[in-house]
Amino acid sequence: MDRLAGKIALVTGAARGLGAQIARRFAEEGATVIVNDLNLAAAEATAKTLGGHALACDVSDAASVTRMFAELREITGGRLDVLVNNAGISGMEGDNAARARIARLAEQALAGEQPEESLSGGITDVSDAQWHRMIGVHLDGTFFCSREAARIMIPQKSGNIVNMGSIMGTFGRPGGTAYCSAKAGILGFTRALAHELAAHTIRVNAIAPGWILTDMTDPLKPMHPMLAAQTPLGRLGEPDDIAWAAVYLASDEAKFVTGQVLSPNGGWYMSQ
Ligand SMILES: NC(=O)c1ccc[n+]([C@@H]2O[C@H](COP(=O)([O-])OP(=O)(O)OC[C@H]3O[C@@H](n4cnc5c(N)ncnc54)[C@H](O)[C@@H]3O)[C@@H](O)[C@H]2O)c1
């Protein structure tokens, strides 16, 4: 119950999904949690359920991140023990054509036919804006927030950063060039920063979730039975499967763990 007692934690993209569950478990383990998301009302609604604070900002925007950290310093008296860089997008948000394509793909797969198209369109369909948004939210966002956190944690001589990667950071999914690139970048960033900040007793690790049931994977619903069948543990993951990994990495139980990638994925993808 007290694995994070007295810690102050910021979780980005935490209004819902994996971020919200991480924030919830952190609070139960004794942390003071700051819930970030794009929309203040949504962040506040989640923060209220766990007795935390809410701060809105688009993590892909450096100036907004700087402003958010100025607000955070006021709330916490200039302290930050844990940063979870969780905010992310799939690129399929609000894309009805993608839902229809997924339904067709699932039908083909269930009929044992070779799929004629990829999950989210091929490289020739990716616009500059889509590419930059994907890299911006995941990789720029992780960089901007980590840089601000390091400005607090280095003088503190302590801290903990957990970055949200994905099995797609090492597994190449057709139609996923932007997402896979962003997540692979996060894994490289994690290792470099872990080495750099170790001298200040700041640990940096990544989580690489498999297929987890959240709003992000909801458009893939027609494929869920197939994904579960492909997973040795026989199911998709739940947000708690990731939240407990984050609690572990953020806690002193992992005090000798840095520069690592922990991948709760039910065995769908076995790496390292
Ligand atoms: N669900 C999965 O199967 C899965 C698997 C691997 C990795 N991930 C990663 O886990 C993280 C969380 O995913 P999820 O499934 O909870 O997704 P989700 O869509 O349910 O939640 C993501 C949250 O991030 C917020 N967000 C998006 N862009 C933002 C921005 N620029 N600034 C601040 N907040 C922003 C959204 O508003 C939302 O509340 C993402 O980084 C995702 O890539 C998810």
Side-chain angles (χ1 to χ4, degrees), residues 10-25 34-47 54-65 67-69 83-95 119-120 132-145 148 162-171 173 176 178-187 189-190 206-221 223-224 227-228 231 235-243 245-246 261-266 268-269 271:
L10 168 66
V11 185
T12 68
R16 70 179 199 190
L18 303 185
Q21 193 58 17
I22 291 169
R24 200 162 291 123
R25 291 299 181 198
I34 297 158
V35 172
N36 153 267
D37 213 285
L38 282 170
N39 175 305
L40 185 60
E44 276 174 345
T46 300
L55 289 175
C57 105
D58 179 340
V59 297
S60 71
D61 182 83
S64 302
V65 170
R67 276 197 298 276
M68 175 175 73
F69 271 80
L83 165 67
V84 182
N85 283 307
N86 165 78
I89 54 173
S90 68
M92 289 191 278
E93 286 81 6
D95 183 348
L119 204 59
S120 39
H132 288 306
R133 185 71 190 149
M134 188 63 78
I135 302 295
V137 173
H138 292 276
L139 197 49
D140 294 359
T142 297
F143 162 59
F144 294 147
C145 291
E148 289 294 339
V162 178
N163 296 324
M164 199 55 75
S166 166
I167 44 172
M168 294 304 155
T170 42
F171 176 87
R173 175 170 71 72
Y179 187 81
C180 294
S181 301
K183 291 305 191 184
I186 286 173
L187 301 186
F189 177 83
T190 298
I207 299 175
W211 301 99
I212 314 295
L213 294 163
T214 65
D215 287 297
M216 182 178 275
T217 50
D218 191 60
L220 301 176
K221 219 174 210 156
M223 290 189 159
H224 285 180
L227 293 171
T231 304
R235 63 173 176 88
L236 275 76
E238 291 157 6
D240 247 352
D241 293 320
I242 304 309
V261 181
L262 182 54
S263 185
N265 65 53
W268 188 88
Y269 180 59
S271 61

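Predicted model only: the values in this text are computed from it and were never measured. In each ligand, atom 1 is the first atom listed, and ligand 1 is the first ligand listed.
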- Item | Main-chain N/O of G91 paired to E93 side chain as donor or acceptor, under 3.5 Å | yes

- Contact between K183 and ligand 1, counting heavy atoms under 4.0 Å? yes

- Query: Under 3.5 Å, is there a donor-acceptor pair linking the side chains of N163 and T190?
  - Reply: yes

- Task: Provide, to 0.1 Å, the distance between atom 16 (O) of ligand 1 and the closest protein heavy atom, together with that atom's residue and name.
- Result: L18 N, 2.8 Å

- Query: Between the main-chain N or O of A42 and the side-chain N or O of D37, is there a donor-acceptor pair closer than 3.5 Å?
  - Reply: no

- Item | Pick from N86, V59, D61: the one approaching atom 11 (C) of ligand 1 most closely through a non-hydrogen atom | N86

- Query: For I212 and ligand 1, does the shortest N/O to N/O distance drop below 3.5 Å?
  - Reply: yes

- Item | Y179, any N or O under 3.5 Å of ligand 1 N or O | yes

- Item | Subset of ligand 1 atoms that lie under 4.0 Å from at least one heavy atom of V137 | 28 (N), 31 (N)

- Task: Distance to 0.1 Å, residue and atom name: give those for the protein heavy atom nearest to atom 31 (N) of ligand 1.
- Result: D58 OD1, 2.8 Å

- Proximity winner for atom 20 (O) of ligand 1, if only heavy atoms of R16, H138, E93 are counted: R16

- Message: Can a donor-acceptor pair be found, under 3.5 Å and without considering hydrogens, that links the side chain of N36 to the backbone of V11?
- Response: no

- Task: Please name the residue in the list H132, H138, R133 that meets the side-chain hydrogen bond (donor to acceptor under 3.5 Å, both in side chains) test with S60.
- Result: R133

- Item | Geometric N/O contact T214 with ligand 1, under 3.5 angstrom | yes

- Item | Nearest-option assignment for atom 36 (C) of ligand 1, heavy atoms, candidates N36, N85, D37 | D37

- Item | Heavy-atom nearest option to atom 22 (C) of ligand 1, drawn from G17, G88, S263 | G88

- Task: Give the numbers and elements of all ligand 1 atoms closer than 4.0 Å to a heavy atom of M164.
- Result: 9 (C), 10 (O), 11 (C), 41 (O)

- Which ligand 1 atoms are under 4.0 Å away from a heavy-atom of G165? 7 (C)

- Item | Residue pair R235, D241: steps toward the salt bridge (Lys or Arg N to Asp or Glu O under 4.0 Å) verdict | CA-CA 12 Å; R235 63 173 176 88; D241 293 320; 2.9 Å; yes

- Query: With distance as the sole test, does K183 use its side chain to make a donor-acceptor pair with the main-chain N or O of L139 at under 3.5 Å?
  - Reply: no

- Worked check of side chain to side chain contact (heavy atoms under 4.5 Å, CB included) between I212 and L236: CA-CA 6 Å; I212 314 295; L236 275 76; over 6 Å; no

- Message: Keeping T214 on the side-chain end and L18 on the backbone end, is there a donor-acceptor pair under 3.5 Å?
- Response: no

- May I ask which of C145, S166, G210 has a heavy atom nearer to atom 4 (C) of ligand 1 than the others do? G210

- Query: Is there a nitrogen or oxygen of A14 sitting under 3.5 Å from a nitrogen or oxygen of ligand 1?
  - Reply: no

- So the atoms of ligand 1 within less than 4.0 Å of a heavy atom of T217 turn out to be 1 (N), 2 (C), 3 (O)

- Query: Closest non-hydrogen protein atom to atom 29 (C) of ligand 1, residue and atom name please, with distance?
  - Reply: L38 CG, 3.6 Å

- Message: Measuring from atom 35 (C) of ligand 1, which candidate in A87, G136, A20 has the nearest non-hydrogen atom?
- Response: A87

- Message: Suppose I only count heavy atoms of R133 and a 4.0 Å limit; which atoms of ligand 1 are within that range?
- Response: 31 (N)

- Message: Applying the side-chain contact (heavy atoms from CB on, under 4.5 Å) criterion to I22, which one of V35, V84, D240 satisfies it?
- Response: V84

- Query: Counting each atom of ligand 1 from 1 as listed, which ones have a heavy atom of W211 under 4.0 Å away?
  - Reply: 3 (O)

- Item | atom 13 (O) of ligand 1 - nearest protein heavy atom and its distance | M216 CE, 3.9 Å

- Item | For C57, atoms of ligand 1 separated by under 4.0 Å from a heavy atom | 32 (N), 33 (C)

- Task: Please report the C-alpha distance between D61 and F144 in whole Å, then the side-chain angles of each, then the deciding distance to 0.1 Å, and finally whether the side chain to side chain contact (heavy atoms under 4.5 Å, CB included) criterion is met.
- Result: CA-CA 8 Å; D61 182 83; F144 294 147; over 6 Å; no

- Between N85 and F143, is any pair of side-chain heavy atoms under 4.5 Å apart? no

- Test item: T231 side-chain N/O and G266 main-chain N/O as donor-acceptor pair under 3.5 Å: no

- Query: Quick one: does N265's side chain have a donor or acceptor within less than 3.5 Å of a partner on W268's backbone?
  - Reply: yes

- Message: I need the nearest protein heavy-atom contact for atom 23 (C) of ligand 1: residue, atom name and distance, please.
- Response: G13 O, 3.4 Å

